[in-house]
There are 2 protein chains.
Amino acid sequence: MTEARDRLSSPAAPYGSRRMSSARRAIAETAALMDGAFTAESLHDRVVASRPGIGLATVYRAVAAMADAGYLARVGERDGAALYAVCGHDGHHHHAVCERCGAVTPVECAFVPSALPAGFAMTRHEVAIYGVCAECQGSERGGSR
Amino acid sequence: MTEARDRLSSPAAPYGSRRMSSARRAIAETAALMDGAFTAESLHDRVVASRPGIGLATVYRAVAAMADAGYLARVGERDGAALYAVCGHDGHHHHAVCERCGAVTPVECAFVPSALPAGFAMTRHEVAIYGVCAECQGSERGGSR
DNA sequence: CCGTGAAGTGAGAACCGCTCTCAGTTGGAG
DNA sequence: CTCCAACTGAGAGCGGTTCTCACTTCACGG
C-alpha cells in the first residue's frame, strides 16, 4: 500500500488527466492511507477528520473519477455499499477481500473463455471474492474495519 | 425454460417446504414464463398484468424465498437492480447474461482456488458475466428486455 | 500576473431499489 | 371445523448514491 502513495506524485495521477483540486488531493491521500477495502462513506469520514468541510458528494465524485482512472478498484460490496481499494496492480485481475480486516489482495483472473456458451461474446465480467485472510485466521479475533 | 415450469408441480417446489399461497403460485408461474433474466420489478409488472392486486413487497418476498430454495438464481444486475433467472441447473455454477435479450446460460465455475493468496480461506465468491448471445449477434437488432 | 471559463465543490433534496411495519387474510395441520 | 403461524397489501421508511444549483477555484492564454 506504500507504493500507492508514491503514485500520488507520479505522472499517473489518481484522477487521470483531470484537474486536481485541494479537496481531491486530500481525498486521494486519504484513500492511500486506508489499508484495505473501504466504502465511500468510510472514506468520507476519514477525510473529514483531517480536513473538515469536504462533502459526501465530493467524495463520491472523486471516488468515481479515481476508479475511472484506474487508481481505485471496486472490490466488492458490504451491506449494500460498494467497497473500493487502492490498486496499483496492472493488467486484468480481481481482488480477494478479507471480511474481517478488509485486507485486499490481487488475484489473477482464472476465467476460462471456453467455459462460455458457444457464440457468446462476453463484454465484461465481475468477480468478487470474500473470505478470511491468513493473518485474521491466525489471530483468534481479527482486526476490524 | 420449459422444464422449469415442470418443477412447479414437482416435489421440489419453488419455495422449498414453505407454504404455497395463491399469490406465490402466480408469482412462481410468472417467473417460469419469463424467458431470461428479470428484475423483481419487471416480474411484478408481469404478475400484476395477469393477477392484479399483488403487491411489490410480496414479489420481493417471493423472489427471496425462491432464491433461497434454489429455484431462482441471482445472475447479475442492471441499473442497480438485481437480476434473477429461473435456474434448474444443479451444482455450483454461474450465469452468462445477454445484455440485449436477457437470455441466461449456465456457465461452469472455472475458479481456481490455487490462484488465491496463501492462507486465504474463501467463504464465497460472486461472478457475473455479461455479453451478447449468439442469437443476438446473428440478428442485426436483438430482442429486448 | 491578471481575466476567464470550465471544472470542481458543498449542502441538501431527490432518487430508487429494497425492506419493514401493521392490520387483515389465508393455508393447511390437527 | 378451528386455529394460528405464515402470508399479504399498502405505504412508510431506509440507506446508498446521484442530482441540482449557486458558488469557488484551478489553470491556461494573453
Side-chain angles (χ1 to χ4, degrees), chain A residues 8-9 11 13-31 37-69 71-72 74-84 128 145, chain B residues 8-9 11 13-31 37-69 71-72 74-84 126 128:
Chain A
L8 289 178
S9 48
Y15 301 99
S17 56
R18 306 187 197 208
R19 226 164 76 183
M20 174 67 90
S21 65
S22 80
R24 290 199 162 184
R25 197 180 334 270
I27 294 168
E29 281 169 5
T30 306
F38 54 86
T39 64
E41 193 164 11
S42 67
L43 177 59
H44 175 246
D45 287 348
R46 192 136 163 202
V47 169
V48 162
S50 65
R51 197 176 169 302
I54 301 247
L56 182 55
T58 300
V59 171
Y60 270 103
R61 282 182 291 231
V63 163
M66 289 190 285
D68 211 48
Y71 179 72
L72 290 188
R74 200 182 192 286
V75 298
E77 62 182 54
R78 181 169 49 212
D79 300 333
L83 283 178
Y84 295 90
R145 178 186 343 291
Chain B
L8 289 177
S9 48
Y15 300 100
S17 55
R18 306 186 198 210
R19 227 162 78 181
M20 173 67 90
S21 66
S22 79
R24 290 200 162 184
R25 195 180 337 268
I27 295 168
E29 281 170 5
T30 306
F38 54 86
T39 64
E41 193 165 9
S42 66
L43 177 59
H44 176 245
D45 287 347
R46 191 136 165 203
V47 169
V48 162
S50 65
R51 196 176 169 302
I54 300 247
L56 182 56
T58 299
V59 171
Y60 269 103
R61 283 182 290 229
V63 163
M66 288 189 286
D68 209 51
Y71 179 71
L72 291 188
R74 202 182 193 286
V75 298
E77 63 181 55
R78 180 169 51 210
D79 301 333
L83 282 178
Y84 295 90
E126 287 161 14

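Worth knowing before you read on, the calculation uses all heavy atoms, side chains too, and leaves out hydrogens, waters and symmetry mates. Just so it is clear: chains get the letters A, B, ... in the order the sequence lines come, proteins before strands, and each one is counted from 1.
Residues Tyr15(B) and Ile27(B) have side chains in contact (heavy-atom distance under 4.5 Å, counting atoms from C-beta outward). Here the side chains of Asp45(A) and Phe38(A) are not in contact, with every heavy-atom distance at 4.5 Å or above.
Atom P of nucleotide dC16(C) and atom CD of Glu41(B) are separated by 10 Å, given to the nearest angstrom. Nucleotide dG16(D) holds its C1' atom 15 Å from the CG atom of Leu43(A), rounded to whole Å. Rounded to an integer number of Å, the gap from Leu83(A) CG to dG16(D) C1' is 13 Å. The distance from atom CD1 of Ile54(B) to atom P of dT25(C) is 16 Å, rounded to the nearest whole Å. If you measure from atom CE of Met66(A) to atom P of dG8(C), you get 13 Å, rounded to the nearest angstrom. For the pair His44(B) NE2 and dG17(C) P, the computed distance is 14 Å after rounding to whole Å. As a whole-Å value, the separation of Arg24(A) CZ from dT24(D) P is 19 Å. In this entry the distance linking CG of Leu56(B) with C1' of dC20(C) reads 13 Å, nearest Å.
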Q: Could you give me the CA-CA distance, side-chain angles and deciding distance for Glu29(A) and Ser50(A), then say whether side-chain contact (heavy atoms from CB on, under 4.5 Å) is met?
A: CA-CA 11 Å; Glu29(A) 281 169 5; Ser50(A) 65; over 6 Å; no
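Residue Ala82(B) is in sugar-phosphate contact alone, with no base atom involved, counting any heavy-atom pair closer than 4.0 Å across all strands shown. Residue Ala23(B) is classed as a sugar-phosphate contact, given heavy-atom separations below 4.0 Å to backbone atoms only. Note on Ala57(A): a base of the nucleic acid sits closer than 4.0 angstrom, heavy atoms only.
Both Val59(A) and Gly80(B) sit near DNA chain C, but only Val59(A) has its closest nucleotide nearer the 5' end. Annotation: of the two residues near DNA chain D, Asp79(A) and Arg51(B), the 5′-most nearest-nucleotide partner is Arg51(B).
Expressed to the nearest 0.5 Å, how far CD1 of Ile54(B) lies from OG of Ser22(B) amounts to 6.5 Å. One distance of note links CZ of Arg78(B) with CG of Leu83(B); it measures 5.0 Å at 0.5 Å rounding.
Under 4.0 angstrom from either OP1 or OP2 of dT18(D) there lies no side-chain N or O belonging to Tyr60(A). A close approach under 4.0 Å does not occur between any side-chain nitrogen or oxygen of Arg61(B) and OP1 or OP2 of dT19(C).
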Any N/O pairs under 3.5 Å between the protein and nucleotides 26-29 of chain C? List them or say none.
| from | atom 1 | to | atom 2 | distance (Å) |
| --- | --- | --- | --- | --- |
| dT26(C) | O2 | Arg19(B) | NH2 | 2.9 |

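Between Arg51(A) and Ala26(A) the shortest heavy-atom distance is CD-CB, 3.5 Å. Taking each heavy atom of Arg24(A) and Arg61(A) in turn, the nearest pair found is NH2-O, 4.3 Å.
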